[in-house]
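Have a look at the structure below before the remarks.
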Amino acid sequence: MHLQANDFELFDVPAQYAQDRAQLDARWKALQREAHPDRFAAEGAAAQRVAMQWSVRINEAYQRLKDPLKRAAYLCELQGAPVQAENNTTMPAAFLMQQMEWRESLEDTDGAQGLEALADEVATEQRRVQQTLGDLLDVAKDPAQAVGQVRALMFIERFTQEVNAKLDRLT
């Protein structure tokens with residue numbers, strides 16, 4: 001294995017959206033044990049530096065693979081369809097309307113019950129988008145189509161944080 005291996009190769013898991021979190025966690029722990037700098041103490045500073053590089057690389061890969069949004073964006077990029085969210089903000093009209101309705105609801109809702117209902121609605125949409133991503137990336141093998149869903153998921157995750165922040169202020 002080399003530092004330039006992609007995350008899926010590094011973790012020895014299939015390059016697909018659907019992942020077993022327990023398997024990722026176990027593999028991360030095993031890789032971290034193998035690369036821990038203390039294991040290389042007898043080999044000197046250079047070996048420990050290399051082990052530290054491996055440890056950082058393993059952690060970066062784990063952060064990408066365990067997060068559905070980061071994993072989907074990474075898969076799109078690996079398959080030649082980078083998300084480029086900062087440059088490409090085009091979204092379907094229906095999704096834009098949904099965003100506006102959610103924003104209005106967030107602004108107009110001051111009670112915990114209403115905010116929790118909004119959070120539930122957004123969570124349902126988040127699960128739907130994640131399912132669609134799985135279908136597009138693992139079944140249809142269509143990363144170009146998946147890019148739009150990745151951008152939608154980015155918005156949903158940011159919006160969820162806003163809803164949760166407003167809920168936290170109320171409680």
Can Val122 and Glu125 be said to form a side chain to side chain contact (heavy atoms under 4.5 Å, CB included), step by step?
CA-CA 5 Å; Val122 174; Glu125 181 63 8; 5.6 Å; no
Is it true that Val56 and Phe40 fall in one hydrophobic cluster, defined by side-chain heavy atoms closer than 4.5 Å?
no
Is it the case that one hydrophobic cluster holds both Leu78 and Leu136, taking links as side-chain heavy atoms less than 4.5 Å apart, direct or via other members?
no
Can Tyr17 and Val139 be said to form a side chain to side chain contact (heavy atoms under 4.5 Å, CB included), step by step?
CA-CA 10 Å; Tyr17 183 73; Val139 180; over 6 Å; no
Do Val83 and Met154 have side chains that approach each other closer than 4.5 Å (heavy atoms only, starting at C-beta)?
yes
Got a salt bridge between Arg21 and Asp25, using NZ or NE/NH1/NH2 to carboxylate O under 4.0 Å?
yes
Roughly how far apart are His36 NE2 and Ser55 OG, rounded to 0.5 Å?
7.0 Å
Work out which heavy atom in Ala146 is nearest to a heavy atom in Cys76; give both atom names and the distance.
CB-SG, 3.7 Å
Applying side chain to side chain contact (heavy atoms under 4.5 Å, CB included) to Arg103 and Glu162, what does each step give before you reach the verdict?
CA-CA 10 Å; Arg103 287 248 168 256; Glu162 292 176 40; 2.6 Å; yes
Inspect the contact between Glu60 and Arg57 and indicate whether a charged nitrogen and a carboxylate oxygen are less than 4.0 angstrom apart.
no
Are Phe95 and Leu118 connected in the hydrophobic side-chain network, where two residues link if heavy atoms are under 4.5 Å apart?
yes
Derivation and outcome, side chain to side chain contact (heavy atoms under 4.5 Å, CB included), residues Arg71 and Gln19
CA-CA 9 Å; Arg71 184 171 59 246; Gln19 292 293 330; 3.5 Å; yes
Distance, nearest 0.5 Å, that separates CD of Gln130 from CG of Asp135
12.0 Å
Between Val150 and Ala72, what is the shortest heavy-atom contact and its length?
CG2-CB, 3.7 Å
Please name the pair of heavy atoms, one in Leu75 and one in Gln16, separated by the smallest distance, quoted to 0.1 Å.
CD1-C, 3.4 Å
Heavy atoms of other groups near Gln145 CD, more than 12 under 6.0 Å
no
Heavy-atom closest pair (Leu106 atom, Leu115 atom, distance to 0.1 Å) is CD1-CD2, 3.8 Å
Over 12 non-hydrogen atoms of neighbours within 6.0 angstrom of CE in Met91
yes
Just say parallel, tilted or perpendicular for the rings of Phe155 and Trp102, cut-offs at 30° and 60°.
parallel
Within this structure, what is the CD-OG1 distance for the pair Gln126 and Thr160, rounded to the nearest 0.5 Å?
5.0 Å
Can you name the nearest heavy-atom pair linking Ala18 to Asp138, along with the distance?
N-OD2, 2.9 Å
Rounded at 0.5 Å granularity, tell me how far CG in Leu133 sits from CG in Leu69.
8.5 Å
Do you reckon Leu170 sits in the same ILVMFWY cluster as Val163, going by side-chain contacts under 4.5 Å, direct or chained?
yes
Using a 3.5 Å distance criterion without hydrogens, assess whether the side chain of Asp7 forms a donor-acceptor pair with backbone atoms of Arg64.
no
Euclidean distance, Ile156 CD1 relative to Arg128 CZ, rounded to 0.5 Å
7.5 Å
Check whether any side-chain heavy atom of Arg39 sits under 4.5 Å from a side-chain heavy atom of Arg33, and report yes or no.
no
Atom CD in Gln63, atom CH2 in Trp28: separation rounded to 0.5 Å?
8.0 Å
Which heavy atom of Leu10 sits nearest to which heavy atom of Ala61, and what is that distance?
CD2-CB, 3.8 Å
